[in-house]
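As the structure is a computational prediction, the values presented were derived from the model and not from experiment. This chain uses plain numbering: 1 for the first residue, then up along the sequence.
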Amino acid sequence: MQRFSAEEQLSPAVAVTRGPKFHWFGYYDKCPWSADGRYMLAMEVDFMDRPPTGSDSIRVGMVDLQAGDREFIPLDETHAWCWQQGTMLQWLATDPNRLVIYNSVQDGEYCSIIRDVHSGETRVLPRPVYAVSPDGTQAVSLNFSRVARTRPGYGYYALPDPTEGVMHPDDDGVWWIDLQTGETKLILTIDQITQVAYRRSMENENWFNHMQFCTDGRRFLFLHRWKRADGVRHFTQLFTANPDGSDLYLVADDDMISHFDWLDERHIIAWATHRHIGNRYFLYRDQTPWLQVVGDDVFTSDGHMSYSPGDRRYLLTDTYPDAQMKRSLIIYDTQTGRRADIGRFLSPRRYSGEIRCDLHPRWNRDGTQVCFDSIHEGQRQMYVIDVAQYLEDRVP
């Protein structure tokens with residue numbers, strides 16, 4: 001196992017946004033670069049030291065990476081956002097140089113907006129998106145107000161939760177959206193999922209969180225969570241299903257599942273626990289009991305992981321703050337078992353909990369650069385680092 005310190009990194013992290021406003025992209029499972037690599041999506045806000053309220057809005061926009069000043073280009077404002085995942089802003093695969101999708105609030109309801117970043121033309125869909133399929137034609141959604149109550153930092157505060165007080169509602173859950181027609185339908189309910197592997201503790205409050213389509217869009221995964229007796233911590237199950245809710249499968253049920261990514265159309269990596277093994281990066285095969293530990297002697301803590309585009313050979317991930325309050329950026333070669341620590345970035349202790357700034361690293365489209373959010377220079381901004389030199393098959 002080989003590691004590089006921050007001082008040894010060959011390409012320094014370069015800021016692509018700047019103050020006085022604060023900028024970030026959000027989660028690690030989306031690519032902020034346009035298909036041609038010219039524009040990078042970003043969100044802009046006037047504060048960074050407190051949780052949002054329902055009246056706080058942010059600006060969605062982009063940065064022209066070919067422009068010398070790299071000024072933030074605003075596109076719209078929205079009240080549907082959170083610190084950890086932003087407003088689900090992302091390029092739409094049907095035209096990834098022009099079309100973006102993000103969540104908003106209109107007429108007292110959450111919605112999603114498809115916008116042409118060059119013409120300004122928009123189309124409004126009747127529900128917000130959580131995960132969008134790789135081809136950009138469909139999405140799955142959930143109740144963002146319920147998530148905000150049960151897991152602060154990941155939902156929206158703009159609207160009240162109509163299911164508050166209901167422990168496992170039968171009229172709320174996962175919604176499917178046709179992004180071309182706007183058709184929506186409820187495909188899985190929270191009450192339905194509690195019956196799959198029922199426990200008495202599920203009589204506490206339940207919710208869904210964290211969804212992602214597999215690489216060919218034929219399946220998606222989601223987390224089912226419910227409060228423990230203390231009302232603070234939670235249990236988690238990992239499920240997969242078809243986009244219409246059929247062929248539901250319980251992948252993991254040993255209480256803790258955190259971050260994840262699809263390796264391909266069948267395999268899922270996740271930081272999870274198994275009672276006879278402990279906490280590890282596990283690779284699961286969907287709809288089977290097969291699993292495998294990944295990097296058993298390499299990874300000792302949770303991170304936001306994703307596979308390199310195309311070859312899916314390299315695993316990009318990060319860490320939470322260590323004793324020096326620094327977060328590490330890591331690339332792991334799944335073929336050789338080699339780990340490269342390509343940077344460590346300060347995360348001041350006062351930015352913790354809901355307002356923390358996780359690195360949430362994301363690949364560019366050819367796997368030669370990584371974008372991440374950070375506050376190591378005192379402001380929440382976005383950074384890019386060249387990583388080709390750490391990848392054997394991409395070294396010139």
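Here Met325 sits in one hydrophobic cluster together with Leu346; the rule is ILVMFWY side chains under 4.5 Å apart, joined directly or through other members.
Using a distance-only test at 3.5 Å, with no hydrogens or angles considered, no donor-acceptor pair links the side chain of Lys185 to the main chain of Asp244. Looking only at distances, a side-chain donor or acceptor of Tyr249 sits under 3.5 Å from a matching main-chain atom of Thr288. Although no hydrogens or angles enter the test, the distance criterion places no donor-acceptor pair under 3.5 Å between the side chain of Asp261 and the main chain of Ile269. Not one N or O on the side chain of Tyr307 forms a donor-acceptor pair closer than 3.5 Å with the backbone of Asp264. A donor-acceptor pair is defined here as one N or O able to donate and one able to accept, closer than 3.5 Å; such a pair exists between the side chain of Asp230 and the backbone of Arg233. Judged by distance alone, the side chain of Trp81 and the main-chain N or O of Asp56 form a donor-acceptor pair under 3.5 Å. A distance-only check finds a donor-acceptor pair linking the side chain of Arg312 to the backbone of Trp262 [under 3.5 Å]. Remark: the backbone N or O of Arg356 is paired with a side-chain donor or acceptor of Gln84 at under 3.5 angstrom. The backbone N or O of Asp69 lies less than 3.5 Å from a partner atom in the side chain of Arg18, making a donor-acceptor pair. Counting only distance, with no hydrogens or angles, the side chain of Thr163 and the backbone of Val166 share no donor-acceptor pair below 3.5 Å.
Defined by atom type and a distance below 3.5 Å, a donor-acceptor pair is present between the side-chain atoms of Gln369 and Asp386. A side-chain N or O of Gln381 and one of Thr17 form a donor-acceptor pair less than 3.5 Å apart. Between Thr189 and Asp191, the side chains place no donor N or O within less than 3.5 Å of an acceptor N or O (distance only, hydrogens not considered). A side-chain donor from one of Thr236 and Arg225 sits under 3.5 Å from a side-chain acceptor of the other. Judged purely by distance below 3.5 Å, without hydrogens or angles, the side chains of His210 and Tyr130 pair a donor atom with an acceptor atom.
Under the 4.0 Å criterion applied to side-chain N and carboxylate O atoms, Arg59 and Asp46 are assigned as salt-bridge partners. With respect to the salt-bridge test (charged N to carboxylate O, under 4.0 angstrom), the residues Asp373 and Arg362 qualify. With respect to the salt-bridge test (charged N to carboxylate O, under 4.0 angstrom), the residues Arg199 and Asp255 qualify. A salt bridge links Arg313 with Glu392: at least one charged nitrogen is closer than 4.0 Å to a carboxylate oxygen. With salt bridges taken as basic N to acidic carboxylate O contacts below 4.0 Å, one links Asp254 and Arg275. Between Arg127 and Glu109, no side-chain nitrogen of the basic residue sits less than 4.0 Å from a carboxylate oxygen of the acidic one, so the salt-bridge criterion is not met. Using a 4.0 Å cut-off between charged nitrogen and carboxylate oxygen, Asp286 and Arg219 count as a salt-bridge pair. A salt bridge is absent between Asp64 and Arg70; no separation between the charged side-chain nitrogens and carboxylate oxygens falls under 4.0 Å.
Between His118 and Tyr39, the distance separating the two ring centers is shorter than 6.0 angstrom. Between Tyr320 and His304, the ring center distance clears the sub-6.0 Å criterion. A distance below 6.0 Å separates the ring centres of Phe47 and Trp83. Centroid-to-centroid, the aromatic rings of Tyr314 and Tyr390 stay 6.0 Å apart or farther. Residues His360 and Trp24 place their aromatic rings such that the two centres sit no closer than 6.0 Å. Between Tyr284 and His274, the distance from one ring center to the other falls under 6.0 angstrom.
Aromatic ring orientation, Tyr281 versus Trp271: perpendicular (interplanar angle above 60°, classes split at 30° and 60°).
Between Met305 and Tyr332, the closest side-chain pair of non-hydrogen atoms is not below 4.5 Å. Counting heavy atoms from C-beta on, the side chains of Val117 and Trp91 come closer than 4.5 Å.
Annotation for Pro128 and Asn103: closest pair CA-OD1, 3.3 Å, computed over non-hydrogen atoms.
Paired with Phe208 under the rule ring-ring contact (aromatic ring centres under 6.0 Å, His included), one option of Trp226, Tyr154, Trp175, Phe222 passes, and it is Phe222. Considering His234, His168, His224 in turn, His234 is the only one that fulfils the ring-ring contact (aromatic ring centres under 6.0 Å, His included) rule with Trp207.
How far CD1 of Ile257 is from CG of Asp302: 11.5 Å, rounded to the nearest 0.5 Å. Atom OG1 of residue Thr317 and atom NE2 of residue His259 lie 8.5 Å apart, to the nearest 0.5 angstrom.
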